[in-house]
Participant: 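Before we start, here is the structure in question, set down as structure tokens.
Every number for a ligand or one of its atoms is a count from 1 in the order of the listing.
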Amino acid sequence: GFFTVQTGDGPVVSRVRGSLLQERLDTDPVAVGDRVTVTVLADGTGVIEETAERERVLSRNAASPGGREGETIDREQVILANPDQAVFVFACADPAPNQRTLDRFLVIAEHAELPALIVANKIDLVKLWSAKAFFGLYQKLGYPVLYTSALKGTGVEKLREQLGGKISALAGPSGTGKSRLLNAMQPELDLRVGEISEATTKGRHTTVATKLIPLDGGGYVADTPGIRVVSAYDVEPDELDAYFVDIAPYVPHCQFNDCAHTNEPRCAVLAAVEKGDVDPGRYDSFLRLRDEIEDLYIT
Ligand code: GDP
Ligand code: ZN
């Protein structure tokens with residue numbers, strides 16, 4: 001129930017005024033990333049009085065049963081308020097990048113209308129051309145890809161530039177080098193290797209705290225392990241095609257407007273996959289992710 005508020009006079013550990021907690025039932029009244037008004041008490045602790053309207057929000061739907069007659073109450077659980085971009089850290093090797101995982105993250109970014117930056121770390125372990133065999137596709141799709149080595153310092157300066165002055169939601173599989181990259185950018189952070197949490201998929205009621213790490217040059221990096229569980233509960237099976245930037249443009253050209261792009265006649269998406277205009281791996285991600293979401297809808 002406590003937040004550390006960064007003020008002009010340093011951090012102030014603050015609680016939230018009770019009335020503010022009662023005001024909003026549809027969302028978290030205060031969340032990491034919010035801009036707040038705080039009253040500092042004589043003992044140096046603070047009381048959060050008010051939150052400014054959020055420009056953007058990275059959230060998940062924490063619908064809970066609790067309504068009368070068993071209906072669910074829609075409630076937004078905020079992972080991060082006011083994010084400017086999503087930064088997804090993958091490794092070129094060890095662990096090898098997984099297309100399904102990356103595509104899942106990108107869906108979440110598209111859904112939240114957040115620009116996504118892909119960091120391909122551990123470039124010291126492979127040849128650039130071999131890293132590009134995987135990540136090059138994403139550059140073609142329009143996602144910026146930054147090749148880095150936290151070990152050798154490659155690309156670290158560029159990463160610092162990309163993160164400067166912004167609030168970035170950071171996520172990625174464990175072991176890809178997130179902690180080490182942040183340490184390379186800002187040695188005094190001194191994060192333990194492995195300290196940045198891995199993404200979890202434990203289910204809808206898992207709460208994973210978001211941490212904001214202030215950057216020297218301004219801006220914050222938010223460790224958002226909760227980001228990965230978003231898609232399954234927030235994206236409906238029918239709207240998933242909109243969040244695949246390479247599939248979406250073909251959807252209006254399908255014969256049926258409720259086309260599922262699996263085996264329908266005159267499906268423009270299938271035609272594009274067959275022609276090689278849509279990467280088969282991306283199409284496969286789309287199908288698998290949709291199956292997964294559909295399963296969740298039934299249960
Ligand atoms: P996290 O789980 O994403 O925070 O990953 P860590 O930062 O804990 O790094 C996981 C492992 O990968 C550690 O053994 C790091 O030393 C190693 N590692 C991180 N970045 C690099 C890199 O750029 N190159 C190589 N070769 N190893 C790295
Ligand atoms: Zn179709």
Side-chain angles (χ1 to χ4, degrees), residues 86-98 101-102 105 117-128 130-131 135 145-160 163 168-187 189-201 208 210-211 213 221-228 237-244 246-275 277-278 280 282-284 286-287 290:
V87 178
F88 299 134
V89 180
F90 282 73
C92 296
D94 191 20
N98 181 293
T101 311
L102 177 52
F105 279 125
L117 167 69
I118 298 168
V119 176
N121 190 37
K122 308 200 188 184
I123 189 67
D124 57 284
L125 295 179
V126 301
K127 298 270 186 276
L128 185 59
S130 108
F135 292 102
V145 177
L146 191 56
Y147 296 92
T148 63
S149 166
L151 186 72
K152 303 265 158 98
T154 319
V156 170
E157 191 51 48
K158 279 210 182 105
L159 182 62
R160 191 180 290 131
L163 300 188
S168 303
L170 182 80
S174 83
T176 55
K178 295 179 291 302
S179 314
R180 195 153 179 175
L181 268 174
L182 288 174
N183 281 339
M185 279 178 52
Q186 227 165 281
L189 267 178
D190 200 20
L191 298 170
R192 268 174 290 117
V193 161
E195 188 162 350
I196 292 291
S197 344
E198 74 186 275
T200 53
T201 46
V208 201
T210 301
K211 257 189 311 210
I213 301 167
V221 172
D223 171 23
T224 50
I227 195 174
R228 193 176 176 176
D238 301 347
E239 60 171 334
L240 184 64
D241 53 19
Y243 304 127
F244 278 77
D246 40 354
I247 290 176
Y250 296 101
V251 173
H253 303 293
C254 293
Q255 179 173 244
F256 302 111
N257 53 25
D258 61 346
C259 185
H261 325 303
T262 35
N263 48 24
E264 289 79 359
R266 309 209 31 209
C267 166
V269 173
L270 279 171
V273 175
E274 270 155 34
K275 261 186 77 188
D277 292 339
V278 167
R282 288 275 295 171
Y283 176 65
D284 193 49
F286 165 72
L287 292 181
R290 197 182 50 197

Participant: Quick check: Leu125 and ligand 1, any N/O pair under 3.5 Å apart?
Facilitator: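 Between Leu125 and ligand 1 (N or O atoms, distance only) the closest approach is not under 3.5 Å.
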Participant: For ligand 1, is Gly172 a contact, meaning one of its heavy atoms is under 4.0 Å away?
Facilitator: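 It does not, in that no heavy atom of Gly172 comes within the 4.0 Å cut-off of ligand 1.
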Participant: Regarding Asp246 and Arg282, does a basic nitrogen lie under 4.0 Å from an acidic carboxylate oxygen?
Facilitator: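 Judged by the 4.0 Å cut-off on N to carboxylate O distance, Asp246 and Arg282 do form a salt bridge.
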Participant: Got an N/O contact under 3.5 Å between Arg180 and ligand 1?
Facilitator: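 Such a contact does occur with ligand 1.
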Participant: Which residue, Asn98, Thr101, Leu102, forms the side-chain contact (heavy atoms from CB on, under 4.5 Å) with Pro173?
Facilitator: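 Considering Asn98, Thr101, Leu102, a side-chain contact (heavy atoms from CB on, under 4.5 Å) with Pro173 is found only for Thr101.
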Participant: Can you measure from CG (Asp124) to SG (Cys92) and round to the nearest 0.5 angstrom?
Facilitator: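 If I round to the nearest 0.5 Å, the distance is 8.5 Å.
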Participant: Using a 4.0 Å heavy-atom threshold (strictly under), name the region of Thr176 that reaches ligand 1: side chain, backbone, both or neither.
Facilitator: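 Looking at Thr176 and ligand 1, atoms from backbone and side chain both fall under 4.0 Å.
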Participant: Would Ser174 count as a polar contact of ligand 1, with the cut-off being nitrogen or oxygen pairs under 3.5 Å?
Facilitator: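 Between Ser174 and ligand 1, no N or O pair is found under 3.5 Å apart.
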Participant: Considering Lys152, Lys178, Lys122, which one's heavy-atom position lies nearest to atom 17 (C) of ligand 1?
Facilitator: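 The residue whose heavy atom sits nearest atom 17 (C) of ligand 1 is Lys122.
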Participant: Listing by chain and number, what protein N/O/S atoms are under 2.8 Å from the Zn ion (ligand 2)?
Facilitator: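 Result, waters dropped: Cys254 SG, Cys259 SG, His261 ND1, Cys267 SG.
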Participant: At a non-hydrogen distance cut-off of under 4.0 Å, which region of Asn121 contacts ligand 1 (side chain, backbone, both, or neither)?
Facilitator: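 The side chain, only.
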Participant: Rounded to the nearest 0.5 Å, how far does CG of Leu163 lie from CE of Met185?
Facilitator: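 Result: 4.5 Å between the selected atoms.
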Participant: Can you label the angle between the Tyr147 ring and the Phe135 ring as parallel, tilted or perpendicular, going by 30° and 60°?
Facilitator: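 Answer is perpendicular, since the angle exceeds 60°.
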Participant: Under the side-chain contact (heavy atoms from CB on, under 4.5 Å) criterion, do Val119 and Leu159 qualify, and how do the steps go?
Facilitator: CA-CA 8 Å; Val119 176; Leu159 182 62; 3.9 Å; yes
Participant: Would you say the side chains of Thr148 and Asn121 form a donor-acceptor pair under 3.5 Å?
Facilitator: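 Yes, because at least one side-chain N or O of Thr148 sits under 3.5 Å from a partner of the opposite role on Asn121.
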Participant: Has the side chain of Arg290 got a donor or acceptor atom that lies under 3.5 Å from a matching backbone atom of Ala260?
Facilitator: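 Checked: pair present.
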